[in-house]
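Comments concern the structure below.
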Amino acid sequence: MAQPYFLHSTSRIFVTLAAIATLVSMAERSFAKKAESAFEAAQRPASEPVMAIVSIKSQNVTIYDSEGWILRAPVSTGVKGRETPAGIFAILQKNEDHRSNLYDDAHMPHMQRLTWNGIAMHGGPLPGYAASHGCVRMPFDFAEKLFDKTQIGMRVIVSPGDVTPVEFSHPALLVPDAKIVAEAPARAESLGRDVAEAVKAAGEAKKATKAAESDAGKFAASLSKMQALKTKADAELKSAEKTLSVVTKGSLEAKVRAEERKLKAASRAAEAETRLNTSKADVAAKLEVAATAKDAAKAAADKVIDPNSTGDALETKKSKLQAKKLAETAQGNAAKAKALLSNMQVLKNMADAELKNSEKALAVVMKGEAKARAEDRKLKAVAKAAETGARLEQAKAEASFKRDAAAKAKDAAKAAAAKLVDLTKALDEAKLALQPVAIYISRATQKLYVRRTTGKPWPDGGEVFDASIEVPIKIRDPDQAIGTHIFTAMANSGPGLRWSAVTIEGRDNASNALDRIAFPQDVLDRIAPTALPRSSIIISDEPLSRETNYRTEFVAVLSNQPQGGFKTRRPTVNIPIASSKPSTGGSSFFDFGYLDEPSQKPQTAVKTRRDGSKKKMQQDWWW
């Protein structure tokens, strides 16, 4: 059955669209394949690259050494909405096998970072037009070749149009001092030795200070102990003097009391003896009476009674009873007398003992033993107080000596530390003099900025740049646009340097731009004498991008060009900026302040690649 006409038309449209898509895909693959190997190399020996210029308009990159271009290749910059920002950059980090932590672990071989928020140059597919998410894609083999030639800090210019460096001269450009440049390596080496010796000396001084302070602390404790002993000895002497005074004052009263006590004791002893003798006589008499009564009772008991005489018998019996009663009474009286005698003997003994004690006490008072003891105690207390006083003075002298020694050691340590700081600062300056210097002058901020790499790696990647010079600058006609111009020292030329100029936004020509700048002489005196090839001066209407930080040279983007590649990435936040304040830790360039309020240090995460292996990535780096 015949199909309706519209079905035939629709089928033909689908077939046509499919054919077109296939042809476009084949064409893209063909172009990409050609682009991967379509780079040019100059037919001459090439030296180290000085700069790279990316043209967004022509979608190509040109690499220059001191004599001109050496490599050219097509590129693919950012698509609409994710445009690669036009501006001035430098290579910050290199990674041969980088993978994206934003775009599904995408492979970005031979990556050369331009900003820490994720703009970079790397190998990638080139469809023949802008197709990246903001990076600069290069042919894979070209990216590999370039990777081995560049150094961190190399200038990268992303221009909206086609520009080339032109030879340029101007009296405002830096003119080095050949002698200072020649002597710079030896000066840095000498200062390096001085710093090493200063580090050792500062360490020894710190150790000596610690030992001296410890020694002084021990003597302070000993002094405190001696002070306590001296206080105790003084208290003992005061007590001894008081005792002697009391004993001396009371000696006469004591003698009177002792004599009075003896007299009373003697009187009581005499009285007790009299009563004892009386009691003895009474006992003897009563014993005698008792014996007589006993004999009488016995005699009465032995008397024979006449049985024939009743009267005599009664009389005799009565006599026996009376005699017995008298004998018993006499014995009782004798027993009582004996008990009384015993008591009187006890009283006599007590009286004699009291007399003896009073005589002894009187003898002691008469001899003055208490006073002698008090005087002896005082003499000992005086000697002890004198001894502890001498030891205390000696301890004070030793403690003072130790304190002085500790103070001197501390002063020496401070001097050694200060010398170390000064030498370290001088060494850092000397090392910086071995590096190309970059100057950025912003009409927007009316400031001059200086950057030089310290050559010191940062743990998270890249190198740390010195940013210790940032000064106001006078620009003639500051309200008039000046453009964006990059002046680069390409090579040595006799006693000076051979310069080139690149203008990527020409609101004023390069020569006029330099004419309008009043360079601070103190800054020139500090950096011009050691200016080296690859040094640069940048003049721009633009302020520095907030992506400029302690791990970058300069990042500046043209505000009148699309910046989608920046806007779709998280900005680098809480970036510490090196200041000119010297650090006591041995370097004068790494006291960091913050652009924003500080937050917690970025944490390291682990992400699994498609091949199952794992890598660490910085959460604040975005691609």
Side-chain angles (χ1 to χ4, degrees), residues 16-41 51-64 69-89 91 98-100 102-115 117-147 150 156-164 484 502 504-505 555 557-569 622-623:
T16 301
L17 291 176
I20 292 172
T22 301
L23 289 172
V24 170
S25 177
M26 291 174 62
E28 287 180 347
R29 286 196 298 271
S30 176
F31 182 88
K33 185 174 182 180
K34 289 179 181 179
E36 288 176 7
S37 58
F39 67 86
E40 296 179 73
M51 74 174 77
I53 299 180
V54 177
S55 171
I56 295 177
K57 177 182 177 181
S58 299
Q59 291 291 287
N60 62 36
V61 60
T62 306
I63 313 300
Y64 295 87
W69 75 272
I70 54 175
L71 293 171
R72 286 178 180 147
V75 298
S76 181
T77 59
V79 299
K80 186 175 182 180
R82 297 178 182 271
E83 295 89 353
T84 303
I88 301 158
F89 308 89
I91 294 175
H98 182 77
R99 288 185 177 274
S100 172
L102 182 60
Y103 298 116
D104 193 27
D105 205 31
H107 191 207
M108 298 178 176
H110 303 101
M111 181 277 293
Q112 302 189 64
R113 186 187 296 277
L114 302 182
T115 69
N117 70 346
I119 303 298
M121 302 189 300
H122 59 80
L126 275 63
Y129 50 84
S132 78
H133 288 81
C135 289
V136 177
R137 293 185 197 169
M138 301 179 293
F140 288 107
D141 51 353
F142 177 82
E144 181 178 3
K145 185 179 183 68
L146 182 64
F147 187 87
T150 59
V156 177
I157 300 169
V158 179
S159 174
D162 298 335
V163 295
T164 57
T484 297
V502 175
I504 61 173
E505 189 178 37
V555 177
V557 296
L558 303 184
S559 57
N560 62 353
Q561 297 295 318
Q563 298 178 27
F566 264 10
K567 293 178 179 177
T568 56
R569 285 170 165 76
W622 294 88
W623 294 89

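To the nearest 0.5 Å, atoms CD (Gln561) and OG1 (Thr84) are separated by 12.0 Å. To the nearest 0.5 Å, atoms OG (Ser132) and CE (Met108) are separated by 8.5 Å. A distance of 7.0 Å separates CD1 of Ile70 from CD1 of Ile63, quoted to the nearest 0.5 Å. The line from CE of Met121 to CG of Leu146 is 5.5 Å long, rounded to the nearest 0.5 Å. In this structure, Leu114 CG and Ile91 CD1 are separated by 7.0 Å, a value rounded to the nearest 0.5 Å. Taking CG of Asn60 as the reference point, atom OG of Ser76 lies at 12.0 Å (rounded to 0.5 Å).
Taking the side chain to side chain contact (heavy atoms under 4.5 Å, CB included) definition, one finds that Pro562 meets it with Glu83, sequence neighbours left out. Shown here are the side chain to side chain donor-acceptor pair (under 3.5 Å) partners of Thr150, two or more places apart in sequence or in another chain: Lys94, Gln112. Applying the side chain to side chain contact (heavy atoms under 4.5 Å, CB included) test to Ala143 and every residue at least two apart in sequence or in another chain returns His110, Met138. Residues that satisfy the side chain to side chain contact (heavy atoms under 4.5 Å, CB included) test with Glu40, not counting sequence neighbours, are Trp69, Arg72. With sequence neighbours excluded, no residue forms a side chain to side chain donor-acceptor pair (under 3.5 Å) with Thr164. Listed by chain and number, the residues in a side chain to side chain donor-acceptor pair (under 3.5 Å) with Thr77 are Gln59 (sequence neighbours excluded).
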| message | Show, in sequence, the C-alpha distance, side-chain angles and deciding distance for Val502 and Tyr64, and conclude whether the side-chain contact (heavy atoms from CB on, under 4.5 Å) test is met. | response | CA-CA 12 Å; Val502 175; Tyr64 295 87; over 6 Å; no

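Closest approach of Phe140 and Gly123 over heavy atoms only: CE2-C, 3.6 Å. When all heavy atoms of Ala86 and Ile56 are compared, the closest pair comes out as CB-CD1, 4.2 Å. Residues Val79 and Ala131 share a closest heavy-atom pair of CG1-CA, 3.1 Å.
Checked by atom type and distance alone, the side chain of Arg137 pairs as donor or acceptor with a backbone atom of Pro125 at under 3.5 Å. Within the 3.5 Å criterion, the main-chain N or O of Leu558 finds a donor-acceptor partner in the side chain of Gln563.
A 4.5 Å side-chain heavy-atom check between Pro139 and Leu126 finds at least one atom pair inside the cut-off. Residues Val54 and Phe89 form no side-chain contact, since every pair of their non-hydrogen atoms from C-beta on lies 4.5 Å or further apart.
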